[in-house]
Structure formats: structure tokens, C-alpha cells
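See below for the structure under consideration.
One-based numbering, in listed order, for ligands and for the atoms of each.
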Amino acid sequence: MQKPPTQEQEQDPGGEHAEITTPKTWAAGVPAVEHAMTYSLSQTTVRRTGLTLLNMNQTKGFDCPGCAWPDPEPGHRHKNEYCENGAKHVNDEATSRRIDADFFRRYSVTELGRASDLWLNQQGRLTEPMLKRAGSDHYEPINWSDALGLIADELRGLDSPDEAVFYTSGRAGNEPAFVLQLFARLLGTNNLPDCSNMCHESSGAALHETLGVGKGDVSLLDIYHADLILTLGQNPGSNHPRMLSALEENKRRGGRIVAVNPLPEAGLMRFKNPQKPRGVIGGGTPLADQYLQVRLGGDLALFQALNLLLLEAEEAAPGTVLNRPFIDAHTSGFEEFADHIRSSVSWPEVLAATGLTRQEIESVRDLVLDSKRVIVCWAMGLTQHKHAVPTIREIVNFLLLRGNIGKPGAGACPVRGHSNVQGDRTMGIWEQMPQQFMDALGKEFGFTPPAKHGYDTVDAIRAMRDGQVKVFLGLAGNFVRATPDSEVTEQAMRRCRLTVHISTKLNRSHAVCGDTALILPTLGRTEKDMQAGGEQFVTVEDSMSQVHASHGRLEPASNHLLSEVAILSRLGRRTLGDSAAVPWEQFEADYGTIRDRIARVVPGFENFNARAVRPGGFGLQNPVNEGVFRTASGKATFSSNAFQSLPAPEGHLILQTLRSHDQWNTIPYTTNDRYRGVHGSRRIVMVNPDDLTALGLPDGAKVDVVSVWRDGVERRAEDFRVVGYPTARGCAAAYYPEANVLVPLDSVAETSNTPTSKGVLVRLEPRI
Ligand SMILES: Nc1nc2c(c(=O)[nH]1)N[C@H]1C(S)=C(S)[C@@H](COP(=O)(O)OP(=O)(O)OC[C@H]3O[C@@H](n4cnc5c(=O)[nH]c(N)nc54)[C@H](O)[C@@H]3O)O[C@H]1N2
Ligand SMILES: Nc1nc2c(c(=O)[nH]1)N[C@H]1C(S)=C(S)[C@@H](COP(=O)(O)OP(=O)(O)OC[C@H]3O[C@@H](n4cnc5c(=O)[nH]c(N)nc54)[C@H](O)[C@@H]3O)O[C@H]1N2
Ligand code: SF4
Ligand SMILES: [Mo]
């Protein structure tokens with residue numbers, strides 16, 4: 001019997017097999033399509049590949065299970081309305097490979113716990129419920145009824161419902177998410193951590209405070225029509241590839257783009273559109289007019305400097321720069337903010353924090369002054385820092401100054417990650433839902449929802465570590481790999497009495513588990529969902545608040561799979577019993593009955609069932625676009641933010657942990673990162689060549705990456721290869737999740753409690 005490759009082997013200790021080529025300066029185009037097809041065909045058949053890809057992002061098909069980038073209006077969709085990476089994500093789910101009971105007889109849990117993320121995922125789809133009994137080192141088959149009975153008994157036996165934690169990853173559709181949060185709250189807990197806590201929580205927190213809604217106010221049409229788009233802290237060429245088509249459209253109409261990123265990301269420089277002949281043959285569209293290679297964590301300083309320059313320009317030519325009527329009518333806190341910026345911004349500090357020149361920043365100001373409609377887009381490069389929330393608040397200040405909020409072609413655009421992460425939050429997956437939601441939920445289902453806020457992801461890990469959590473249930477996701485401080489998190493997970501994962505594919509969280517562990521295999525987005533009430537669909541909400549249906553098309557990977565809704569409804573029934581108020585059985589039979597409830601509980605979902613099936617679905621109104629700000633003052637709020645940056649003391653670097661082109665979050669598909677010119681290895685750390693010289697390290701040196709944190713605990717990622725790379729000075733980059741071991745659990749963003757995955761202080765220790 002063949003042993004699975006271990007994490008270390010697969011990731012290539014010391015980067016021995018790494019082949020480094022020059023980073024690419026353009027993204028997409030023909031190679032992208034070829035790569036997608038090669039990966040798809042290695043996973044499944046030509047017929048299934050055709051069936052999946054042609055139904056993807058079409059009005060009667062399924063929503064891409066990849067990122068949350070919106071689809072164009074119905075009628076304006078390409079027949080191949082997907083990107084290279086979307087094709088990979090969908091075929092990773094639609095794979096023909098299967099894991100059966102025999103697989104779990106062959107491999108012990110210990111062995112699976114040593115296997116690489118890549119190998120675990122490559123074994124194929126989970127096909128039947130599996131149980132690991134306490135004390136056993138093997139999973140064995142269990143039937144659905146016994147599995148759900150076991151969970152129900154465990155939950156009913158808890159001293160307090162707060163000893164249970166219910167995690168959600170953003171791939172789950174609206175209906176299962178709504179049922180899960182209802183179940184948790186009926187049980188009596190708000191312990192509903194989600195992947196958003198590690199993702200755009202900082203955006204939600206900052207936008208909520210300043211604009212009154214934790215979501216962006218920009219649509220796809222706004223992107224097309226903006227005069228200027230600033231994109232910060234994101235790598236759309238790999239992570240939101242169809243965003244490049246939207247940026248291309250913006251350029252075609254004469255818009256301009258500024259990219260702010262420590263790395264020279266290919267997708268931000270030039271785009272060859274594989275869906276247009278000129279993209280395939282020609283040289284493509286240059287995207288960024290200006291590329292600022294900012295230092296990690298330098299964006300707050302950058303926006304404070306820009307805001308100062310705008311205030312100064314207004315003083316030089318009063319009445320021409322700021323939108324005074326907008327500021328006077330719709331905002332509060334302007335004078336205090338302006339005084340703060342004028343008195344606190346120091347150019348030497350700004351230049352040190354950003355690593356940019358004053359000329360670079362002034363030329364962005366010139367572009368801003370030349371633009372009537374400005375959009376700022378951002379993703380993880382902004383949200384996963386200690387000062388992420390003040391940074392995003394400062395972006396809001398920047399937009400408010402010229403009235404770039406709530407009007408066409410302008411606004412704030414947090415580019416969401418998982419395809420339904422925004423929808424899950426709308427459905428109530430949050431440890432601190434507003435009272436209005438809780439009241440409506442209680443009224444609809446005849447109970448009093450728990451008042452006490454629950455655990456978010458970081459607090460859940462702390463509670464698990466401290467033995468305060470007995471049951472962990474995950475709806476999708478890979479908790480132990482997604483979370484920071486891997487060793488601490490793994491210990492925390494192992495302390496649980498029972499861990500349950502509702503999953504499509506095998507991952508490390510199934511092997512690093514509680515005393516008793518269950519794997520509950522479920523239908524994926526691509527699959528037909530037949531229930532007593534006929535064929536069902538789910539709904540999702542994209543990054544721009546468009547809600548629409550997603551219909552699975554493929555035959556399920558196994559006859560033993562249940563849908564997420566079916567699993568959760570049956571669990572609800574087993575634990576709490578059916579009642580007139582909460583008819584679990586009906587929910588399972590007909591998801592329309594869940595949508596009827598959502599329509600009565602969640603604002604904006606009136607007449608949900610009828611609107612969900614319209615081609616293209618419907619948009620949730622953002623009150624900001626009607627000039628309504630649900631903040632304490634009833635106005636959009638300027639904020640005064642203390643200057644912060646991430647200086648690295650001598651001999652140290654600031655490390656960001658990021659995604660390669662060939663992975664979906666915790667799951668690497670291959671060991672390549674094509675656009676960045678990295679092939680065959682994920683155990684590398686990218687460092688500016690001048691920093692290597694200063695550190696006395698040759699390119700290619702083998703090092704341990706050691707993180708430095710105030711608790712003095714040594715966190716070490718062993719045997720990485722140093723790669724000289726044109727990133728900003730003082731900065732380094734390594735792949736997530738391999739580098740998560742370096743992110744201290746207590747190193748979190750202010751207010752949002754998001755792990756600081758893009759700002760870890762490290763030193764590189766040469767290996768002898
Ligand atoms: N193919 C693919 N697509 C995905 C995902 C995936 O794993 N694979 N994941 C999905 C999810 S859940 C999410 S949240 C998104 C993530 O999408 P991204 O945010 O694009 O993902 P990351 O790889 O974390 O990249 C962070 C980017 O920010 C830059 N950056 C880091 N720190 C800073 C900083 O301090 N300032 C600035 N200005 N830039 C910085 C990095 O150089 C990098 O380009 O993608 C979604 N789409
Ligand atoms: N260091 C570091 N850490 C990070 C990040 C970072 O940039 N750096 N990014 C953070 C971010 S932005 C995010 S969003 C999180 C992601 O964290 P998660 O969302 O928890 O992780 P994923 O890797 O997306 O989860 C993959 C698993 O989901 C399951 N799955 C896939 N599709 C389905 C489905 O349809 N239904 C069900 N039930 N299961 C399914 C499969 O079993 C698969 O193995 O990680 C965070 N962690
Ligand atoms: S851009 Fe995102 S949603 Fe669109 S096809 Fe690609 S991965 Fe899927
Ligand atoms: Mo994310």
C-alpha cells in the first residue's frame with residue numbers, strides 16, 4: 001500500500017524542486033484556457049467538463065463556486081462566462097474520483113493527519129457518512145440516522161449551549177446558512193464564527209461605523225463607468241479573474257486605474273481577454289496607469305497623505321476640490337478630521353511607511369483631481385492588518401471628501417472572497433447580529449433568541465483551547481488550516497469531545513479532530529438536489545449584493561449524499577423536535593418554505609421566492625445609494641485615525657501570507673504559481689534582492705522563517721527556500737496555509753479581531 005505524501009514532502013523541503021522564472025507581466029489569454037482544460041480533464045471526463053462549464057454563471061445554471069465576483073446582466077453574458085480559475089474550482093468539485101469506506105480502512109487518522117493538503121484534496125469526493133469513535137484511529141461507516149442521533153445526543157447533553165460552536169465557510173448557500181443560524185439560536189447560542197472573521201470583517205466593521213452598512217455600494221456598471229479605480233491589496237488575476245474583464249471595459253471607456261500592491265502582480269498590469277479575439281491574438285489591454293509598490297501596511301499612511309494633499313489643494317483653490325455641498329448635507333466630523341490630518345501627517349513618516357516617493361503620491365492626487373467618479377477596490381491586503389479598520393475608515397474619508405459615495409461610477413468596493421460569504425452574513429451567520437434581526441427571527445419562530453454575543457473565529461479557538469467548547473460543527477471549510485497559529489488551533493480542535501464536518505472533500509480538519517469525529521458528505525453546488533418536494537435550488541448573494549438562484553446540473557457524486565439543508569434540517573428535528581413554528585421536515589422537502597421565512601425575517605427579501613427565479617435574480621438596495629446613512633448621527637461619518645505603520649526592525653522583515661494562482665484557499669491544486677514565475681514548490685519565501693543582500697543571505701538559501709511576537713513563543717516554519725523577488729523593500733511573502741503557523745492567535749486587527757495574516761514580523765534563520 002502506498003503511503004500518502006506528507007505535508008513536508010509535498011511542499012518540497014528547502015524548495016529543492018523550485019524552478020523560478022521571471023514573473024509574468026500580463027494575465028489570462030490562451031494559456032489560461034489551456035491550463036483550465038488540462039486541470040479539468042485531469043479531474044473528470046470531457047462530458048462532465050462540458051456539462052459543468054457551459055452551465056456555469058448562466059441564468060438557469062449554477063453559480064460558480066469560486067469567488068464572489070458578480071455576473072453581467074442576463075443577455076450580456078458570454079457563453080463561457082467563467083475564468084480559468086473558476087473552471088478549476090468547479091472541476092475540483094465535479095471530479096470523478098471518489099473516497100469510500102475502504103479508503104478509510106486503508107489510512108489511519110494519524111496517517112491522514114500527516115498527509116499533505118494537496119494529496120487529501122486530490123483523493124476525490126466524500127461519498128458516505130463516516131464516524132471516528134473516541135479512542136479509535138480509523139473512520140468507519142455510519143448511517144445518517146445514527147450520525148445525526150449522535151450529534152443530537154451530544155448537543156442535548158451539554159451543560160450550556162455555549163459549549164457548542166457552529167462554523168460556516170462562505171461557499172454554503174443562503175438556505176442552509178439560514179437554517180444553521182436558526183438551529184444554533186434555537187439551541188440557545190450565538191456561537192457562529194465564519195470565514196468572514198478572517199476575511200472582510202475589517203471592511204464590514206469600518207463601513208458599518210462610517211456609512212451605516214457593512215457592504216460595498218458599487219455595482220458592475222459603476223466599475224465600467226468610473227473615471228478612476230484604485231485597486232489595493234488584491235490580486236485579481238488569480239483571485240477574481242473576471243474582474244479583469246470589468247477593468248478592461250472601464251479602460252475601453254477611458255477610465256484610469258491605479259494599482260497599489262507590494263508585489264508586481266501580473267493581472268494588474270496587462271490583461272489578454274480569452275473571450276475576445278483581440279485578447280487572444282493581440283497584446284492585450286494595459287491595466288494600471290500607475291503602479292505603486294507600497295510597503296506592507298502602508299496604505300493608511302498613503303490615504304492620509306492623499307487626504308492631506310486634497311485638503312491643501314482645496315485651500316489653494318477654494319471651492320474647486322472638495323464637494324462642500326455633499327460634505328455639508330450628508331456627513332459629520334469633517335472639521336475634526338481635517339484638523340487631525342493637517343496637524344498629524346508627517347511626510348517623512350509617510351514615505352517610510354509606504355516606501356513610495358512624494359512624487360508618486362502626488363501623481364495619484366492629480367489623477368484624483370482629474371476624475372469626477374472614483375472607486376476604491378480592496379481585498380485581503382488591506383483587511384488582514386492590525387490597523388485594517390482605520391485604513392478602511394481613511395479610505396471612506398478619501399471618498400467622502402469629493403462626494404464619491406452613493407453616486408453612479410463611484411464608491412467603496414470591498415471585493416469579497418467566497419461565492420456566498422456576503423449572503424451567509426445577510427442570513428444571520430454572525431456572532432453579533434443586530435437586535436432588529438434577532439427580534440424578527442424570534443417573532444417568526446416563536447422564541448427568544450439568545451442575547452449574549454457569541455464567539456467569532458479567534459475567540460472560538462481560544463475557548464476550544466481552554467476546554468470551554470465540547471462540540472464543533474463546520475458547515476463547509478477547513479477550520480484548522482484556515483485559522484492562524486496552526487499548532488495552537490490544532491490542539492484546540494483536538495480538545496473537543498465531538499467534531500462534525502459537513503464537507504464535499506477531504507481536508508486536514510477531518511484528520512485533526514475531536515475525540516469523536518464525524519464526516520458528513522454533502523452535495524456540491526454543481527449537483528442536482530432532489531427532495532420530497534421535487535428538484536431544489538439554493539440562492540447566493542455576490543460581492544455587489546445581487547441575489548440569484550443556483551441550480552445544480554450534475555448527478556450527485558454518490559447516492560448517499562444529503563444536501564446541506566437536509567443534513568441541518570434533520571439535525572434540527574432530531575435535536576429539538578418538529579413543531580408548527582419550526583417545521584424542519586417541510587424545510588427539507590421544499591426550500592421555498594425556508595425562503596418564505598427569510599422573506600419575513602431579513603429586510604430586502606420580500607417576495608423572495610418569486611424574485612429569486614427571475615433571470616439574474618434581484619439586487620439588494622444599499623441605503624447609501626439613496627443618501628441614507630444608518631450611522632449613529634444619521635450621516636456618513638468622517639473619522640480621525642491615528643497614524644500606524646508596520647516598520648521592521650533591523651534584521652527583520654514583514655511577512656504576508658497569500659494565495660498562489662493554483663489554489664482555493666486552504667487547498668493547493670498544484671505546486672505552481674504561474675504568474676509569479678514559481679513552479680514546483682510552495683515552500684518558498686519571496687524577499688526583495690536588496691533585503692537579501694542586507695541580510696547577508698544568498699538567493700536560494702535555505703532558511704527557517706521565525707515569527708517574532710510579544711509572547712516570546714517561538715513560531716517556526718521550517719526549511720523554506722529564499723527567492724529573490726521584486727517585492728517592496730522590507731517585505732516578504734509566503735503561501736497560505738503553509739505559513740499560518742507563523743501568525744500568532746493574539747495578533748489581530750483592532751475592532752474586527754481578524755488575524756493579521758498580511759503583517760507578521762519575522763526573521764530568516766539560515767539552516768546549517
Ligand atoms: N483562485 C483563487 N481565487 C480566490 C481564492 C483562492 O484561494 N484562489 N480565495 C477567495 C477568497 S476567500 C478571498 S478573500 C479572495 C482573496 O483575494 P486577494 O485579497 O487578492 O488574495 P491574497 O492572495 O490574500 O492576496 C493579497 C494581495 O494583496 C497584496 N497585499 C498584501 N498586503 C498588502 C498591503 O499591506 N497593502 C497592499 N496595498 N497590498 C497588499 C498582496 O501582494 C496580494 O496581491 O480571493 C477569492 N478568490
Ligand atoms: N494565513 C492566512 N490565513 C487565511 C487567509 C490568508 O490570506 N492568510 N485567508 C482567510 C480567508 S480570506 C478565508 S475566506 C479563509 C478560508 O477558510 P475556509 O472557508 O474555512 O476554507 P476553504 O479552504 O475554502 O475550505 C475548503 C473546504 O470546504 C469544503 N467544501 C467545498 N465546497 C463545499 C460545499 O459546497 N459544501 C460543503 N459543505 N463543503 C464544501 C471542502 O471540504 C473543502 O475541503 O481562510 C483565511 N485564512
Ligand atoms: S471570476 Fe470568480 S466567480 Fe467568476 S468564474 Fe472566475 S472564480 Fe468564478
Ligand atoms: Mo476570504
Between ligand 2 and [X], is the shortest N or O to N or O distance under 3.5 Å?
X      : answer
Met380 : no
Gln384 : yes
Thr657 : yes
Ala482 : yes
His418 : yes

>> Check the orientation of Trp664 and His418. Use parallel for under 30°, tilted for 30 to 60°, and perpendicular for over 60°.
In response: perpendicular

>> Angle between ring planes, Phe479 versus Phe472, binned at 30° and 60°: parallel, tilted or perpendicular?
In response: tilted

> Would you call His89 a ligand 1 contact, heavy-atom distance under 4.0 Å?
Replying inline: yes

> Looking only at heavy atoms of Gly66, does any of them come nearer than 4.0 Å to an atom of ligand 1?
Replying inline: no

> Would you call Ile502 a ligand 2 contact, heavy-atom distance under 4.0 Å?
Replying inline: yes

> Hey, does Lys758 sit under 4.0 Å from ligand 2 if you only count heavy atoms?
Replying inline: yes

Taking only heavy atoms of [X] into account, list the atoms of ligand 1 that are under 4.0 Å away from them.
X      : answer
Cys199 : 14 (S)
Leu658 : 23 (O)
Glu265 : 42 (O), 43 (C), 44 (O)
Asn85  : 1 (N)
Val294 : 36 (N), 37 (C), 38 (N)

> For the ring pair His551 and Phe537, is the centre-to-centre distance below 6.0 Å?
Replying inline: yes

> Which residue and non-hydrogen atom of the protein lie closest to atom 43 (C) of ligand 2, and at what distance in Å?
Replying inline: Asn507 ND2, 3.7 Å

> Looking only at N/O atoms, are Asn239 and ligand 1 under 3.5 Å apart anywhere?
Replying inline: yes

